[in-house]
Each structure stands twice: as C-alpha cells, then as structure tokens.
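Note on naming: letters A, B, ... go to the chains in the order of the sequence lines (proteins, then strands), and numbering restarts at 1 for each one. As a basis for the values below, the full set of heavy atoms in this structure was taken, side chains included, without hydrogen atoms, waters or symmetry mates.
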Amino acid sequence: MRSPFFATPPATTMPDAAAYALRLGDDALVLSHRLAEWVAHAPELEEDVALANISLDLLGQARALLAYAGAVEGAGRDEDALAYLRDDRAFTNMQLVELPRGDFGLTIARQLLFSTYQRMLYARLAASSDETLAGIAAKAEKEVAYHVDHATQWTLRLGEGTAGSHARMRAGLVAVWPYADELFEADPLTDRLAAEGVGVDPSCLRGEWDAAVDGVLREATLERPEVRPAAGGGRRGLHTEHLGHLLAEMQSLHRAHPGVTW
Amino acid sequence: MVTTTTSPRDVAARVTDPELPVLTVDDLGVLRDVAVDAGGVVEVTITPTYSGCPAMDAIRSDIETALHDAGYADVRVRTVLRPAWSTDWISAEGRRKLEEFGIAPPSPVRAGGPVPLALGVRCPRCGSPDTEMTSRFGSTACKALYVCRACAEPFDAVKAL
C-alpha cells in the first residue's frame, strides 16, 4: 500500500545514479550485517567461515557502492558517513534483507531468494553504460555465484534431509516469501535508469528468477509457499521495526567515537 | 630529491600479501600498473581479489611505505575494479610458491557451471589427486577447505574465480 504520508523518500534528492548505487549498497550492507551475526553461532565451524566470507563479500560490495553514491552526490559524504550516520528512514534497502536472521533454515531461505536475484541483477548491471557501476557489478557477480551455489546446496540438503530439517526449511521459506515481490518492484527511478542504460529494471528479472528458484525448490522436495505479500516500501525508506535495531548496533561505535580508527 | 636506484615498479612488486606472505602482489596479479609522472609522483594501481578483501588496506599502506622507504616521497595508490581480477592472473611463479607453501593453486577458470569448478585438486603435501572439498569457503575469501584422502591432511586451496 502506498501511503500519501510517505510519498517523499528521503533519498530522492540525490542524483539518480547515486540513489541507485545507494539502494544496492544498502541491500548489501544490511544483509552483510545479518550474516555476520552468525559468526560463532552457525551449525558447524565451516558454516561460521562460509557465512562470514559471504558477509565480507557483501560488505566489500557495499563499500564500493556507498563510496560511489557519495562521490556522485558530491555533498562530501563518504562510505562511512552513508553507512553510519543515516537513520533508518534514509536507508533504501529492501525489507527482505533486514529481517532478523531467524534459524539456519530462514537464513538459507533468504540467501536463496536474495543471492539468486542479486546474481541476475549484477549480471545485467555489468553491461551498464555507467563504467563504475559496471565494474562493481562484474566483480561482484563472480563472488555472488558462490553465494548462490552455497544457498542452493544447503536448500537441497535441508529440504531432502530429515523431517526436522525439511520442516525448518519450509518454515524459513514461509517467513521470507512475503518479501519476495519487493525484489522486482520497478519505480520511476529504475524506469529512468533502465531507459538510459545505466540501471536494471528489476521487474525484468522475475521470470528468470522464478524458474531458477522453483527449480531448486522442486529438487529439494519443497514447495513455493502460498502467502500474502508484505506491504513493502523499503526503497522508499519504509522499514520493518527490525532495521532500527540493526542500525543501532551497527552504528553505535562510529556515532560514539566519530572518526575513530585503530 | 629522489636518490634511488630501484625502479618504483620493482619496489612495489616486492610487497607481499599479508594473508599469503609467500606471494608478492605481482605474483598475485593484484599489482596492475606503476607509473611516474613528470613531477615525480608515483601512481600505483592495484585491484582487489575479492570486493571485501580486508588485505587491500594493508597492501595499500605497505606499498606506500615500501616506496617511501625507497626514496619516493609522493606516492598515490589507486584501486580499480575493471577488468575484474581472476585467479588466472596468478603467475606461474605464484602457483609454484603457493604449492610449496601448502596451498593448492587454483585450476584454470572454466565458464559454464554454477561456479568455476576446481577439477583435480592435488594435495600440496603428498601430491595425491584423491582429495575432497570440505567447504567452498576457507580461512580467507579466496580459499576453499580440502582434505586429502591419501595422507588425511586438511589443506587450503585457492578457488577459481
């Protein structure tokens, strides 16, 4: 639902390319933080390492995207200012990435949905007429191929594993599926950038994504859940209650000690 | 006044990777270019192995320090992402050093599969091809974990990217 009260997102004052880089950077940054929460809590040591590595890839992508957003904006905000000194309403990530990590089933369900989407998005963005965005995407796409493989392998293991692992994987899918539609929502910004050959129209990815995800679910003996979509609005700065808590933890050090280094 | 006899390229090329200390940034293909302009400013271009590689900050400052120590006062290190780094850029010398250090070098990148497949990873300790991947993600972003079925030793392998 689009509410007139929230019609003006805080980030639209940025130039288009900056606002777009910020969206993709926010997706990567917030999910990176969620995955980092698994360190020392994963089901096995190798998973601590794997999720930390995936988190680190996303953090690197976020740094490049946020640094570029700040440079294009030209208002003197660097990657740290954008990551640590914005409030939740100024974040333009999709709600899917901010949901609490849940159990391992939910985390893998989200990884399957998001990594599959992100790889398809980056593959197209690598052909952007904007050289910086194209460079970041071409680099990141190779990394995300490993994330897709990781999520796929775990979906198969959990889906085809025990009754318990199957049930938790299914519950994870039910929990994240309402947030899937938002991945493909086009808006005036993506319309303009897609027309200019700078950005990707996310609605174009839906068919390919459906086929890929459905294929994995079928092989894993899982089904696409029948659930109502969530209201969405992350791109317009509308978030679940969870993002504020995540940001409070992520930003506290930088805000308490501005410019701190070690 | 620059009073040095070693070229800036040679100085930068000797800097090692903090996570793979047997390899230089040149062996790794991370060092892309070293140029000196008319004013004597040395501009070094590097590229990350992975977007989030935490060694990049250390490599950047190690290159600056090495060049300052060699007498080059004005040094700029810039990072480029294009074209994206690939394990195919690790030199033959780099592959040899990796193996000597106990890390299996990456196989050539093949397009087509869901991820670049590492075929025939040999144990860097006993040389057996009878190895098994235990995790695609290892101690650093660029490595996977393997175990050798012949000598039972676990080892790292640089994964194809």
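- Using a 4.5 Å cut-off between heavy atoms, Glu131(A) contacts chain B through both its backbone and its side chain.
- With chain A as partner, the option from Ala144(B), Ala141(B), Ser51(B) having the largest number of non-hydrogen pairs under 4.5 angstrom is Ser51(B).
- Of all residues spanning residues 80-97 of chain B, those with a heavy atom less than 4.5 Å away from chain A's heavy atoms are Leu81(B), Arg82(B), Ala84(B), Trp85(B), Ser86(B), arranged by number.
- Counting non-hydrogen atoms of neighbouring residues, nucleotides and ligands closer than 6.0 angstrom, the CD atom of Glu160(A) exceeds 12 such neighbours.
- Within 6.0 Å of CD in Glu223(A) there are 12 or fewer heavy atoms belonging to other residues, nucleotides or ligands.
- Within a 6.0 Å radius of CZ in Arg218(A), other residues, nucleotides and ligands contribute 12 heavy atoms or fewer.
- Here the closest non-hydrogen pair linking Leu56(A) and Pro54(B) is CD2-CD, 3.8 Å.
- Heavy-atom pairs under 4.5 Å with chain B peak, among Ala138(A), Ala50(A), Ala64(A), at Ala50(A).
- Within a 6.0 Å radius of CZ in Arg34(A), more than 12 heavy atoms belonging to other residues, nucleotides or ligands are found.
- To the nearest 0.5 Å, atoms CG (Asp57(A)) and CZ (Phe137(B)) are separated by 7.0 Å.
- Environment of CZ in Arg76(B): sparse, with no more than 12 heavy atoms of neighbouring residues, nucleotides or ligands closer than 6.0 Å.
- Of all the heavy atoms in Arg63(A) and Asp57(B), the pair that sits closest is NH1-OD2, 3.9 Å.
- Shortest non-hydrogen contact noted between Glu46(A) and Leu145(B) is CG-CD1, 4.2 Å.
- Within 6.0 Å of atom CD in Glu44(A), more than 12 heavy atoms from other residues, nucleotides or ligands are found, so the atom counts as buried in its surroundings.
- Atom OH of Tyr84(A) sits in a sparse spot, with 12 or fewer heavy atoms from other residues, nucleotides or ligands closer than 6.0 Å.
- Taken from OH in Tyr50(B) to CG in Leu59(A), the straight-line distance is 16.0 Å, to the nearest 0.5 Å.
- Using a 4.5 Å cut-off between heavy atoms, Val148(A) makes no contact with chain B at all.
- Remark: the backbone N or O of Pro48(B) is paired with a side-chain donor or acceptor of Lys139(A) at under 3.5 angstrom.
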